[in-house]
Structure formats: C-alpha cells, structure tokens
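Okay, structure first, notes after.
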Number of protein chains: 2
Amino acid sequence: MSGVNERAHKASHRTPDYAASGPGDLSVHRMPGHFIRRLQQVAVRLFGDCVGPELTPVQYAALSAIAQRPGAGQAALAALIGYDRATIGGVIDRLEQKGWVARSGSPDDRRLNLLAITPDGQAALTRAAPAVLAVQDKLLEPLDPHEREAFERMCLKLLAHHLG
Amino acid sequence: MSGVNERAHKASHRTPDYAASGPGDLSVHRMPGHFIRRLQQVAVRLFGDCVGPELTPVQYAALSAIAQRPGAGQAALAALIGYDRATIGGVIDRLEQKGWVARSGSPDDRRLNLLAITPDGQAALTRAAPAVLAVQDKLLEPLDPHEREAFERMCLKLLAHHLG
DNA sequence: CGGATATTGACAGTATGCATACAGATCGTA
DNA sequence: TACGATCTGTATGCATACTGTCAATATCCG
C-alpha cells in the first residue's frame, strides 16, 4: 500500500480531486494551502514507506539536528528545525525511550536539558539516511531537473518571506 | 503575532533556518519534505491569523465540501478533500457542536450519515470566505504572478503523480 | 544588591492524522 | 437466496502541533 487516504476512496469517481472547477470557486481544490496540506500527506506517507516505522519524519529531523549540534537544549533544537517547544518534549521522550538520545542537565544553566545522540542513535541515523534521501527524490520525481530547482527555490523564497 | 514558532526562537541566531550548508548534507534544511512541512506550518498559522479561531483549515475544507455536495456520507466527504475516515468523524463532531452541520441517517443505506450544512453553517462559511481567499494570496505573496502559476502547476503535477 | 523581565522545560487542553480493529449493513455472485 | 467480500461509521492508540499556563531559573537594569 502506498496511496494516501485509500480508505476513503468511494465517490472519488464522482468528483476526482483536482478536477476542473469554475473560477471563483470557494472549495479547497484550487487553494495553495490545500495543495500544501496534501503534499505534506504525500511526503509523510512516502517517508513511512521508504524508511519504515522505526523513525518518523519528525523524529528523523530531531535526531539529525541533535547529531549535528550536540549539547543544545530543547528550545534551541526546536528553533533549529522549526518545532514547537511543547511538541519537542514528546519527540525527545520517544527518541530517549529507544535509546537514541540522552538528556542531561547542564551545570551552567539548570533549566536546560542538554541533548546528545547515542551510538545506537548514530547507527539508526546512518542506517536511515539513504532511505531519507530517496524519499526526497521520489517526492519530486514527476518534475524534471529544471522544475525541481524552481520548486525548491520557490519554497525557500516563500519560507524566507514568511519566517524571516 | 504572526511568526511561526516564536516560542522557540533562541539560538536561531546561531544557525538560521535555510542557511547555506554543504552538499551531501544529511540535515533537513535542504530537503523538500522539510520545506513542505514548514510551508504547512506557515499556511496554518496564516489561516488562523486571517480567519480567526472559530474555524480551522480542516473545518473550513469540510464545511465547504458539505455545502458543495450536500447529502454525502462521511466517507464520500473524506475522499473529496483527502481526509482519513477515522479523522473526519471528529471534525464533523466539532462542526455539529457549533450547529453548522447536521448528521442524519439515510433511509436507503443505514450505514450512512448524510451530511448537510445548516443556515448558521452557511453563514459562517460566507463570513469566512473572503479571509480564506486572502490567506491563499498572502501565502504566495512573495512570488510574482508567473511564479505563482508555476508553483501551483507543479503542486498539481506532484499531487496527480502521487495520488493518481 | 534586588526587583522586573525573559527563558526553559513541563503540563493540560484541543485538533489533526493515520493504523488497526470492529460491528452493522450492503452487494455480488454462486 | 445464502454467503463471502466490501463498505460505513466508530473506537482506540500513537504521534504530531500549538495555545495557555506554570515553576524554576537566568539575566538585566536601576
């Protein structure tokens, strides 16, 4: 299985998603926000299919960031990958349970939970990396190289505008 | 407030998101999947800012679809907007609590919950529509008209490939 | 120094999102 | 027409996400 939302496929023959609809349409099928939501669904599904259930996209991003920047606190980590402080705690809980990340208090600032990746975590990261890269490739598969570059550039432009 | 994840802004001065990083980088800052996740965050935040807390993006999509296709069951509705059957139930629960949607059993097929929008729901939809359209515009604001068209076309191409 | 302010991690509450499982209903077909 | 395959809505469990709040801790500034 690899389709998104195949459990709800009835009546899709009546109005397939992304079918033509008139201008001034108030439905979601022409809204960029909806496209992005659907693409997010596709990306998450693709990740699960390629990488497996051991590591979610969110957990991969966190683990990768911890490996890249050991000794950061949870808030710093969250800022690095765009998570919410309230969410990152649970993500790290689950990585800690798997033995892939270690939390340790900082002597300098007793508010901080210093984060570090464990050898097992590093191994899991290394193991997952090829599949994660494959996901990115499959995601943009239908675009030719020129389009891919344009797509990524526009994404970055949008993010720089809205986050910067 | 309008920024995404402002509660985790420490250390972002150390490594701003989307800063340059070498090729072969295993971190998420060059991965299309991550871009899409961040864009989804931006879109949801923008929606909340423009439309208000009465209606979430998901609830708007559902309400709009019910208005467009009254008398559909939950599964049909889910297929129409790309939701999961298990998720749509809760969404409709909340719309029903607000008095914007009515569930009624079908005499023809006793499995179905026929869905219909109420006058209050229609009013809420009409009230929200301009703001929802404004969100789409703001989302793609940094792109010029040509780029917008290209971006939407590529999104549709990606979705058609992965969902079709 | 000491109070005002800001930061950090945690928790509760709400809302998606998906997998799995289940009971009831319907349908296709032997 | 009986029966197995399929479909529908629901419930449960897990994993994001974000808001508001709080206690402990730092930091800043007079």
Side-chain angles (χ1 to χ4, degrees), chain A residues 1-12 37-38 40-45 47-49 53-62 72-79 81-95 97-98 103 105-115, chain B residues 1 3-12 37-38 40-45 47-49 53-62 72-79 81-95 97-98 103-115:
Chain A
M1 40 184 142
S2 60
V4 169
N5 278 143
E6 22 174 90
R7 302 169 67 203
H9 46 70
K10 213 33 179 320
S12 47
R37 207 188 70 88
R38 297 290 268 148
Q40 161 76 352
Q41 280 184 321
V42 166
V44 170
R45 164 70 67 128
F47 191 100
D49 285 350
E54 290 80 31
L55 202 55
T56 68
V58 163
Q59 287 168 15
Y60 172 81
Q74 295 185 188
L77 176 65
I81 51 182
Y83 288 11
D84 192 277
R85 250 173 50 230
T87 304
I88 201 81
V91 175
I92 296 178
D93 281 346
R94 288 179 280 278
L95 289 174
Q97 275 183 333
K98 292 176 190 171
R103 263 193 259 236
S106 163
D108 296 334
D109 187 335
R110 285 160 58 190
R111 294 171 302 179
L112 270 63
N113 276 343
L114 299 188
L115 302 171
Chain B
M1 41 186 137
V4 170
N5 280 141
E6 18 172 275
R7 300 172 68 198
H9 46 70
K10 213 32 179 320
S12 46
R37 207 188 70 86
R38 296 290 269 150
Q40 161 75 353
Q41 280 184 321
V42 166
V44 170
R45 164 69 67 128
F47 191 100
D49 285 350
E54 290 79 32
L55 202 55
T56 68
V58 163
Q59 287 168 15
Y60 173 81
Q74 295 185 187
L77 175 65
I81 50 183
Y83 288 12
D84 191 276
R85 243 172 58 228
T87 304
I88 202 81
V91 175
I92 296 177
D93 280 346
R94 289 180 279 279
L95 289 174
Q97 274 183 331
K98 293 176 190 171
R103 262 194 259 236
S104 63
S106 164
D108 296 333
D109 187 336
R110 285 160 57 191
R111 294 171 302 178
L112 290 146
N113 276 344
L114 299 188
L115 303 171

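In the text below, chain A, chain B and the rest are named by the order of the sequence lines, each starting its count at 1.
- Contact annotation: A:Q59 reaches the phosphate of D:dT16 (side-chain N/O to OP1 or OP2, under 4.0 Å).
- Spacing between atom OH of A:Y60 and atom C1' of D:dT16 amounts to 19 Å, rounded to whole angstrom units.
- In this structure, B:Q41 does not reach the D:dA17 phosphate: none of its side-chain N or O atoms is under 4.0 Å from OP1 or OP2.
- Taking only side-chain nitrogens and oxygens, A:Q97 never comes nearer than 4.0 Å to OP1 or OP2 of D:dC14.
- Picking from D:dA17, C:dG17, C:dG9 the nucleotide with the shortest atom distance to the side chain of A:V58 gives D:dA17.
- Nucleotide C:dT8 holds its C1' atom 14 Å from the CG atom of A:L77, rounded to whole Å.
- Every residue two or more places apart in sequence or in another chain was checked for a side-chain hydrogen bond (donor to acceptor under 3.5 Å, both in side chains) with A:Q40, and none qualifies.
- Rounded to a whole Å, the CG atom of B:N113 is 6 Å from the P atom of D:dG9.
- Taking the side chain to side chain contact (heavy atoms under 4.5 Å, CB included) definition, one finds that B:R103 meets it with B:Q74, B:I92, B:D93, B:E96, B:N113, B:L115, sequence neighbours left out.
- For A:A61, the side chain to side chain contact (heavy atoms under 4.5 Å, CB included) criterion is met by A:I81, A:Y83, B:V28, not counting sequence neighbours.
- For the pair B:K98/B:Q59, a side-chain contact is recorded, criterion being any heavy-atom separation below 4.5 Å from C-beta on.
- Taking only side-chain atoms of B:V91, from C-beta outward, the nucleotide of C:dT16, D:dG9, C:dC11 with the closest atom is C:dT16.
- D:dT16 atom C1' lies 14 Å from atom CG of A:L55, rounded to whole Å.
- Proximity note for B:A86 (side chain, C-beta onward) versus C:dA19, D:dC18, D:dT8: the nearest is C:dA19.
- Distance from the side chain of B:D84 is smallest to C:dC18 among C:dA10, C:dT8, C:dC18.
- The distance from atom CD1 of A:I92 to atom P of C:dT8 is 13 Å, rounded to the nearest whole Å.
- Closest contact between the side chain of A:T87 and the listed nucleotides D:dG9, D:dT16, C:dC18 involves D:dT16.
- Annotation: salt bridge (Lys or Arg N to Asp or Glu O under 4.0 Å) contacts of A:R94 (sequence neighbours excluded): none.
- In terms of phosphate contacts, A:R85 brings no side-chain nitrogen or oxygen within less than 4.0 Å of OP1 or OP2 of D:dT19.
- Residue A:K98 contributes atom NZ, which lies 10 Å from atom C1' of D:dA15 at whole-angstrom precision.
- Applying the 4.0 Å criterion to OP1 and OP2 of D:dC7, one finds that B:Q74 has every side-chain N and O outside that range.
- Atom CD1 of A:I88 is separated from atom P of D:dA15 by 15 Å (rounded to the nearest Å).
- Partners of B:S104 under the side chain to side chain contact (heavy atoms under 4.5 Å, CB included) rule, at least two apart in sequence or in another chain, are B:L114.
- With the nearest nucleotide of DNA chain C identified for both A:L114 and B:R94, A:L114 has the one nearer the 5' end.
- Look at CG on B:D49: it is 12 Å from C1' on D:dC18, rounded to the nearest Å.
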Would you tabulate the pairs of protein nitrogen or oxygen atoms and nucleotide nitrogen or oxygen atoms of nucleotides 26-29 of chain C closer than 3.5 angstrom?
unit_1: C:dT26; atom_1: OP1; unit_2: B:R110; atom_2: N; d: 3.0

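- Across all strands shown, B:T56 has heavy atoms under 4.0 Å from sugar-phosphate atoms exclusively, and none from any base.
- Checked against D:dA17, C:dG17, C:dG9, the side chain of B:Y83 finds its nearest nucleotide in C:dG17.
- Here the closest non-hydrogen pair linking A:T56 and A:F47 is C-CE2, 3.5 Å.
- Between A:R45 and C:dA19 there is a side-chain polar atom (N or O) within less than 4.0 angstrom of OP1 or OP2.
- Side chain of B:R37 to backbone of A:V58: no donor-acceptor contact under 3.5 angstrom is found.
- Of the residues near DNA chain D, A:Q40 and A:S106, the one whose nearest nucleotide (by heavy atom distance) lies more toward the 5' end is A:Q40.
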